[in-house]
Engineer: 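I'd like to ask some things about the structure below.
Start at 1 and go down the list; that is how both ligands and their atoms are numbered.
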Amino acid sequence: MTAQITGRSPLRSAAELEEIAAAGIAELGIVNPTKNGPGRDADAADVIAWAAATFGPTWALTASMQDTVLAHLVARVAPGTDVLFLETGYHFAETLATRDAVRERYAVNVIDLRAEQTPAEQDEAYGADLFASNPDLCCLLRKETPLDEAMENYEAWATGLRRAEAVTRAGTRQIAFDARRQRVKIAPLAGWSDADVAAYVAEHDVIVNPLVAQGYPSIGCAPCTRKVLPGEDARAGRWAGTAKIECGIHR
Ligand code: SF4
């Protein structure tokens with residue numbers, strides 16, 4: 001059975017949420033990184049505990065079902081939290097199996113977010129393989145819009161973004177006000193290195209998408225993800241051969 005969103009309304013105003021984000025940064029002693037220095041992060045578990053206490057059922061985690069570290073940590077610190085999975089209809093079978101395993105093993109509420117159209121209906125409307133002809137539109141229809149609609153139920157959303165993942169993510173903050181969505185955006189693992197992730201996975205027997213070990217350090221939809229070659233950037237396999245480097249949900 002598909003899990004239901006547990007958020008509630010009415011939500012607090014954007015101005016209130018911006019104040020709450022600032023208060024959280026101060027309470028947790030976070031110093032945001034700048035070009036002059038790396039700043040100071042709070043413990044990831046403390047950030048999650050703050051989010052749970054501050055937002056109750058009105059925060060959710062988005063998960064790509066790659067290494068599932070954040071979902072595991074959230075299940076430990078704030079069991080029952082909604083975990084949003086963008087079910088684009090184009091995922092690898094291994095990614096869907098990872099989602100199923102998280103749903104089975106972790107104490108979180110995994111919710112599939114789907115686009116209005118099935119892939120077949122999208123092919124009918126826009127021509128076959130929109131991901132090849134216009135990946136920005138495909139991501140808008142299958143990722144950004146379903147997430148934006150789901151976020152109408154939440155005051156805050158958390159992601160597994162890490163500064164070490166890519167140059168485009170170097171400015172990631174643990175707590176920020178997401179002006180585009182008018183919500184609080186939380187990245188508890190912002191300062192974690194690849195070694196930190198590997199250590200947590202080993203210590204807690206975390207579910208990891210088997211594709212990671214097969215040469216896919218960054219996993220998105222199957223048509224837009226290829227293996228990474230030795231020496232390439234971890235995200236080089238995403239939308240390879242195009243100028244696109246992010247799906248748009250983190251703009
Ligand atoms: S990653 Fe590719 S298949 Fe997935 S939504 Fe974006 S363009 Fe479409």
Side-chain angles (χ1 to χ4, degrees), residues 2 5 60-71 82-103 110-152 154 157-162 165-169 172 178 180-181 183 185 187 208-229 232-251:
T2 303
I5 286 172
L61 160 68
T62 55
S64 65
M65 300 302 169
Q66 183 165 309
D67 61 40
T68 84
V69 164
L70 187 54
D82 287 354
V83 173
L84 309 178
F85 174 66
L86 290 163
E87 205 329 15
T88 62
Y90 287 116
H91 283 294
F92 291 100
E94 290 88 343
T95 301
L96 298 179
T98 301
R99 172 208 56 190
D100 293 345
V102 167
R103 183 174 274 150
V110 178
I111 297 166
D112 292 335
L113 302 182
R114 289 190 167 83
E116 193 178 316
Q117 295 178 315
T118 65
E121 288 167 345
Q122 181 171 290
D123 283 353
E124 184 77 17
Y126 296 95
D129 301 347
L130 186 62
F131 51 78
S133 60
N134 191 341
D136 284 341
L137 178 57
C138 187
C139 278
L140 177 68
L141 295 169
R142 312 205 73 76
K143 291 184 172 181
E144 288 186 68
T145 301
L147 180 60
D148 286 348
E149 289 173 357
M151 285 309 301
E152 290 172 13
Y154 300 103
W157 64 303
T159 82
L161 289 187
R162 295 184 295 115
E165 286 177 310
V167 176
T168 50
R169 298 180 175 185
T172 301
D178 177 353
R180 185 168 88 78
R181 290 195 176 79
R183 300 288 187 269
K185 186 171 180 181
V208 176
N209 191 321
L211 291 175
V212 173
Q214 296 171 31
Y216 296 85
S218 178
I219 302 166
C221 295
C224 303
T225 305
R226 67 152 169 79
K227 283 187 182 181
V228 167
L229 303 172
E232 279 190 323
D233 182 83
R235 287 181 64 82
R238 306 291 297 278
W239 302 283
T242 77
K244 187 173 172 64
I245 51 175
E246 293 279 358
C247 66
I249 66 173
H250 297 300
R251 275 188 286 134

Engineer: Which ligand 1 atoms does Tyr90 reach within 4.0 Å, using its non-hydrogen atoms?
Structural biologist: 3 (S)

Engineer: Do side-chain atoms of Thr62 reach the backbone of Leu84 as a donor and acceptor pair under 3.5 angstrom?
Structural biologist: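 Not a single qualifying donor-acceptor pair exists.
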
Engineer: Just wondering, is there an N, O or S atom on Cys139 that's nearer than 2.8 Å to atom 6 (Fe) of ligand 1?
Structural biologist: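 Checking atom 6 (Fe) of ligand 1 against Cys139, an N, O or S atom does fall under 2.8 Å.
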
Engineer: Between Tyr154 and Asp82, do the side chains contain an N or O donor and an N or O acceptor separated by less than 3.5 Å?
Structural biologist: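 Yes, Asp82 and Tyr154 have a side-chain donor paired with an acceptor closer than 3.5 Å.
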
Engineer: Checking Arg103 side chain against Val110 main chain: does a donor-acceptor pair fall under 3.5 Å?
Structural biologist: yes

Engineer: Using a 3.5 Å distance criterion without hydrogens, assess whether the side chain of Gln66 forms a donor-acceptor pair with backbone atoms of Asn209.
Structural biologist: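 Judged by distance alone, no pair lies under 3.5 Å.
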
Engineer: Using a 4.0 Å cut-off to any heavy atom of Cys224, which atoms of ligand 1 qualify?
Structural biologist: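 Matching atoms, with element in brackets: 1 (S), 2 (Fe), 3 (S), 7 (S).
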
Engineer: Quick one: which ligand 1 atoms are inside 4.0 Å of a heavy atom on Lys143?
Structural biologist: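 Heavy-atom distances to Lys143 below 4.0 Å select 1 (S).
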
Engineer: Checking Thr118 side chain against Glu121 main chain: does a donor-acceptor pair fall under 3.5 Å?
Structural biologist: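 Here the side-chain-to-backbone pair exists.
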
Engineer: For atom 7 (S) of ligand 1, which candidate among Ala132, Pro135, Ser133 holds the nearest heavy atom?
Structural biologist: Pro135

Engineer: For ligand 1, which atoms sit closer than 4.0 Å to a heavy atom of Cys221?
Structural biologist: 1 (S), 3 (S), 4 (Fe)

Engineer: Can a donor-acceptor pair be found, under 3.5 Å and without considering hydrogens, that links the side chain of Arg114 to the backbone of Pro146?
Structural biologist: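 Judged by distance alone, no pair lies under 3.5 Å.
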
Engineer: Which atoms of ligand 1 are found less than 4.0 Å from any heavy atom of Phe131?
Structural biologist: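 Atoms satisfying the 4.0 Å criterion: 2 (Fe), 3 (S), 7 (S), 8 (Fe).
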
